[in-house]
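One-based numbering, in listed order, for ligands and for the atoms of each. In this text the structure is predicted, and so the values were computed from the model without any measurement.
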Amino acid sequence: MDDFRREVMECRRCDLCQTRKNVVFGMGDPHADILLIGEGPGAQEDEQGLPFVGRSGKLLDQFLDCFDLARGKNVYIANIVKCRPPENRDPTPYEQEQCIGWLYRQIELIDPKVIVCLGRIAAQVMIRDNFRVSVEHGVFYEKDGRLIMGTFHPAAILRNPNHKPLAFDDFAKLRDKLEELSQKETER
Ligand code: URA
């Protein structure tokens, strides 16, 4: 992962490289079973070079903690784009296209059992372009031999706390799915 990280840190594939302070490569357990994918870095992430370190990151850490998970403990966290879109706008399709290859390589290296997309942008890129989080959250799909699920973005939960129990249930489903997978492995 180290050589690859060095390559990504020098990326100039789109104009976000001109306004970023730091490339937010991703962080966590490089052999994690769970890969969480957000949308893109915000101001604090750009400042620190780490994903989900602002308010929504604190909420994400709380969710993980409820299920005895943590970044670095069977979890890796990355984003669809690795540089901050100015003013926290959505990353453009061009920026997503330029960046997504890095994430695909990260997925190959980490080889997670389950991918969880946090929010609409990640789910529409990774699952299906008409994915609706409010309707399809918590459902596991199989894609390229991996399980993948979409749930609410922590920032959306902060804006609308009614989503909190729904997202909590999705993380409970994630825990159950991992248990089921490891049970199957021990039976083999
Ligand atoms: N929101 C995201 O989607 N990703 C981050 O890293 C931080 C906030």
Can you name the ring pair (Phe, Tyr, Trp, His ring centres under 6.0 Å) partners of Phe131, sequence neighbours left out? none
Could you tell me which residues satisfy side chain to side chain donor-acceptor pair (under 3.5 Å) with Asp68, sequence neighbours excluded, listed by chain and number? Lys73
Any residue meeting side chain to side chain donor-acceptor pair (under 3.5 Å) with Arg6, in chain and number order, not counting sequence neighbours: Asp3
Measure from the ring center of Phe152 to the ring center of Phe63 and say whether it is less than 6.0 Å. no
Which N or O atoms of ligand 1 sit under 3.5 Å from a protein N or O, and how far apart is each pair?
unit_1	atom_1	unit_2	atom_2	d
ligand 1	1 (N)	His153	NE2	3.3
ligand 1	3 (O)	Glu39	N	2.7
ligand 1	3 (O)	Gly40	N	3.4
ligand 1	3 (O)	His153	NE2	2.8
ligand 1	4 (N)	Gly40	O	3.1
ligand 1	4 (N)	Asn79	OD1	2.8
ligand 1	6 (O)	Phe52	N	3.0
ligand 1	6 (O)	Asn79	ND2	2.9

Side-chain contact test, heavy atoms from C-beta onward, threshold under 4.5 Å: evaluate it for Leu60 versus Ile77 and give yes or no. yes
Only residue of Glu95, Glu45, Gln106 satisfying side chain to side chain donor-acceptor pair (under 3.5 Å) with Lys82 is Gln106
